Amino acid sequence: MPFSTKFNLQNRITYFTLVACALWTLIIGTSLIWNIQHEYADTQELALSTARANFFKDQAFRLWASQKGGIYVPPSHKTQPSPYLAHLPDRDLVANDGRKLTLMNPNSMMREITEDYAELYGIKGRIVGIVTLNPKNRADPWEEKAIHAFSAGTTKEMVEDSEIDGKPYLRMIRPMTMTQDCLKCHGHLGFKVGDVRGAVGVSVPLEEYNQQAKASAINLSITHGGIWLIGLTGIAFTARRSRQRTEEREKSLDELQLSACAFENGLQAVLITDPAGVILRVNPMFSEITGFSAQEAVGKTPKILNSGRHDSEFYKTFWLHLIQDGRWDGELWNRRKNGEAFAALENISAVRGPNGDIRYFVAMFQDISERKRSHDALQRAYGENRAITEAIHDNLYMLDESGRLVWWNKRMQDVTGLSEEALRGRAGATFFIEEDRAMVQTAIRACFETGYAEVQARMITAAGPVYYHYNGVRVLDEQGHVIGITGAGRDISESKEAEARINQLNQELEQRVEERTAELLAAKLEAERANHAKSDFLSSMSHELRTPLNAILGFSQLLQFSSNLTQEELDNVDEILKGGRHLLELINEVLDLAKIEAGHLDLSLEPLDCGEIAQESLNLLQPLKERYQVSLQAILPDAQIYVLADKTRLKQVLLNLLSNAFKYNRPNGSVTLRIETVAPDKVRWIVQDTGIGIPPERQANLFQAFNRLGVDQVEIEGTGIGLVISKKVTEAMGGTIGFESAYGTGSTFWIELPCSRDSGDIAITHQQTDLAAADPSATVHTVLYVEDNTANVKLMESFIKLLPNLRLITAHNAELGLQLASAHLPDLVIMDINLPGMNGYDALHQLNAMEETRHIPVIALSANAMEKDIAKGKASGFFDYLTKPIEISLLMKAIQGALNRAE
Ligand code: ADP
């Protein structure tokens with residue numbers, strides 16, 4: 001039943017209960033009020049009856065007394081002769097015995113009786129009138145109203161509730177008519193017989209009656225209250241019963257609905273038959289499983305499901321159980337409508353009536369064919385798995401969540417040599433030797449925490465400890481709870497031995513490598529030492545050669561300025577200069593090669609515009625065109641190509657190749673420079689000549705230092721080092737060098753260098769040195785030259801003589817130079833570096849330390865011409881650093897620059 005309906009029913013019961021209570025209360029209340037009112041009315045009636053009775057009795061007394069013409073009584077203090085009867089002659093009489101008697105009228109008589117015996121009488125009665133003898137009898141307004149009504153004949157009695165002396169009374173009044181007897185006393189007042197002369201009133205005290213009525217009302221209230229409560233209890237009880245009945249009805253309705261729902265929607269097939277086995281009802285699941293619709297099944301017997309797979313013995317047992325025990329459970333092979341047999345898990349019950357006889361059979365079953373198939377498949381798979389795990393050569397295992405062995409394969413048992421009882425429940429770590437157990441335990445923990453772990457440890461086998469590699473993965477149940485770990489262990493004793501052997505070999509190898517490294521280190525140190533020695537040697541050789549060369553070249557240059565020389569002498573000077581310069585070139589190239597070979601080649605690779613480099617190189621070679629009578633042409637690419645190279649070194653290589661092309665050419669020959677892009681990232685510089693070429697048998701000796709391939713015999717000047725340097729420099733810049741040569745026809749030399757995609761920040765500065773512009777001012781400047789070599793001093797003196805505005809003072813050591821500097825304060829100091837005693841650096845330091853000489857520019861002039869020497873000199877504070885042999889033009893330029901600054 002829906003909740004709302006149920007709720008409404010309960011509400012209606014409550015509603016009816018409340019209405020019944022209200023009605024009951026109303027009935028009882030009405031009855032109580034009616035009864036009380038009735039009780040009070042009865043009381044009133046009783047009081048009225050009493051009043052009437054008294055009236056009639058009093059009236060009888062009065063009438064009797066009137067008829068007797070009043071009564072004579074002895075006068076007393078209280079009963080005095082009535083003044084109102086004074087008009088009667090016989091009012092007072094004297095009896096025979098002398099006693100005096102006076103007449104009393106009936107009214108006075110009654111009044112005295114009621115007054116004298118008020119306690120006994122209880123009821124007050126009196127005669128009243130409008131016209132009276134005695135004013136005491138005068139009617140009050142209510143009585144007067146009644147007398148008038150009586151006179152008019154409208155009523156014969158009037159009654160009212162009243163209060164007398166603060167107490168309740170019932171007053172009743174009736175008319176009194178004049179009779180013949182009344183005339184005696186009242187005739188003189190003008191009344192006639194038949195006139196309503198007045199009225200007689202009776203007052204009955206109601207207090208007692210009221211108390212009785214009140215007591216009755218209380219009794220009635222109690223009785224009614226009791227009845228009311230009993231009624232309410234009855235209503236409440238009825239309501240409760242109704243509620244319970246409603247709930248029970250609802251419950252049974254719910255159960256009915258649930259049963260119907262279970263029957264209709266149950267996942268089990270339900271079939272109900274009568275005791276004879278005739279099908280009465282089937283549910284939808286029955287039809288779904290068997291294929292028989294309800295219409296097809298009802299009226300038939302369960303034989304329609306008979307698969308024929310069970311023998312008569314089976315059915316005998318089946319019926320025996322069903323009749324004796326009232327139920328049968330088991331598997332039954334049934335048949336669907338389409339003839340297909342299916343396995344059903346059945347439960348059949350006999351439903352008995354109150355007298356124990358079978359009323360129905362209820363069969364419930366479910367199709368378990370699929371489950372049986374899965375089970376069979378599972379069994380098969382299990383069997384297969386079992387066979388596989390038995391065949392596997394590794395130890396397979398499974399530990400439960402507490403790390404104890406719960407499953408293993410045959411191999412595990414064979415390896416450990418333990419019985420099944422000994423294996424089951426054994427902690428995983430205890431399969432390993434004592435020293436390795438902590439490690440194994442850690443791995444097991446890690447596997448539980450992270451889901452996977454591996455460990456290599458020594459397992460206790462039947463044959464003793466053996467190295468095993470175990471892995472493990474965490475096993476989770478369907479809810480994701482960890483239920484254990486499983487994995488495999490493999491005997492790795494062989495690989496462990498191999499590993500040990502490899503380790504040993506590695507150690508040996510490492511030792512040998514260390515020894516060899518030590519040897520190589522020693523050799524390297526030796527090589528470095530030798531290299532160092534070689535550098536020192538070259539450096540000092542350079543110095544030693546430059547010093548005499550300074551004199552040779554210096555004086556030769558000076559001689560060129562002399563005007564006294566004959567042409568022949570000038571030619572000789574030229575030869576000296578040529579030889580000297582050749583020697584200088586040789587020294588420079590040898591030093592350069594030595595530096596390159598020592599690995600001291602500092603390159604600054606930057607993107608260079610090929611056209612610009614080519615142009616600069618060609619410009620430098622212009623003089624060679626005339627000298628060798630060879631034409632020069634350049635075939636440059638239209639587009640700008642950038643090459644990644646060190647500018648100075650690239651130019652050095654190009655100049656070497658181009659100058660060779662001139663040198664080894666023939667008169668009227670030609671030199672061609674071509675730049676080509678040979679690959680997206682490669683630029684080739686090609687220098688082609690139409691010269692003498694290289695004999696094929698000598699080509700293999702090219703790029704060997706000092707090997708001039710025989711050209712030295714044909715007096716072509718050269719050192720045989722240029723190409724070696726070019727090759728090394730090109731390769732250091734990431735390029736290659738090559739050549740082709742046809743003897744007698746010409747040679748083609750080329751270098752290939754990597755391209756640069758863009759120009760980068762190319763800052764090319766052109767420094768032009770205008771030697772001719774050296775123009776010493778008219779002022780005479782003093783130059784101090786500190787030099788220990790007399791040839792050099794003489795050379796400088798000869799040079800300065802050529803310049804009239806310069807005056808030279810010399811010092812042969814630094815100490816003297818410092819004295820002369822502070823004494824003469826020269827405009828410029830030219831300082832040698834290698835001086836006896838204090839060297840040039842210290843002298844510069846001293847000059848800078850003295851206030852008076854600090855401003856004087858100092859030019860270093862040294863035979864220390866290695867690059868590092870020049871760099872050191874410039875960094876020390878020299879104005880310029882010139883190397884020997886002196887190049888006159890460079891010296892001039894330096895002097896001019898220093899003097900300009902000094903000014
Ligand atoms: P150098 O030119 O100073 O002798 P190089 O190292 O530049 O030294 O050249 C080595 C030798 O290679 C030269 O002596 C010369 O025999 C040969 N050679 C170089 N360039 C050419 C060339 N363009 N034509 C013929 N022979 C050349």
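Predicted model only: the values in this text are computed from it and were never measured.
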Flag side-chain contact, heavy atom, 4.5 Å: [X] against [Y]:
X: W142; Y: M158; answer: yes
X: V482; Y: V475; answer: no
X: C21; Y: L232; answer: yes
X: Y169; Y: V202; answer: no
X: V278; Y: T273; answer: no
X: V282; Y: F292; answer: no
X: I113; Y: F61; answer: no
X: W228; Y: I27; answer: no

Can you tell me how far apart [atom1] ([X]) and [atom2] ([Y]) are? Round to the nearest 0.5 Å.
X: L258; Y: K251; atom1: CG; atom2: NZ; result: 12.0 Å
X: R243; Y: E250; atom1: CZ; atom2: CD; result: 10.5 Å
X: L271; Y: M285; atom1: CG; atom2: CE; result: 14.5 Å

If the plane angle is over 60° it's perpendicular, under 30° parallel, otherwise tilted; pick one for F286 and F365.
perpendicular
Aromatic rings Y315 and F318: how do their planes relate, parallel, tilted or perpendicular, breaks at 30° and 60°?
perpendicular
Is a donor on one side and an acceptor on the other found under 3.5 Å between the side chain of [X] and the backbone of [Y]?
X: T30; Y: L26; result: yes
X: H224; Y: G29; result: no
X: S307; Y: W333; result: yes
X: H481; Y: D477; result: no
X: R474; Y: E449; result: yes
X: T154; Y: F150; result: no
X: E112; Y: M109; result: no
X: R336; Y: T290; result: no

Salt bridge flag under 4.0 Å for residues [X] and [Y]:
X: R373; Y: E370; result: yes
X: E39; Y: K214; result: no
X: E143; Y: R171; result: yes
X: K316; Y: D311; result: no
X: D325; Y: R327; result: no

Under the 6.0 Å and 45° cation-pi test, does R281 pair with F263?
yes
May I ask you to check whether over 12 heavy atoms, not counting those of K145, lie within 6.0 Å of atom NZ?
no
Residues N11, T14; criterion side chain to side chain donor-acceptor pair (under 3.5 Å); working and verdict
CA-CA 5 Å; N11 269 356; T14 310; 4.9 Å; no
What do the steps show when you test D92 against T102 for side chain to side chain donor-acceptor pair (under 3.5 Å), and what is the final call?
CA-CA 4 Å; D92 299 306; T102 192; 2.7 Å; yes
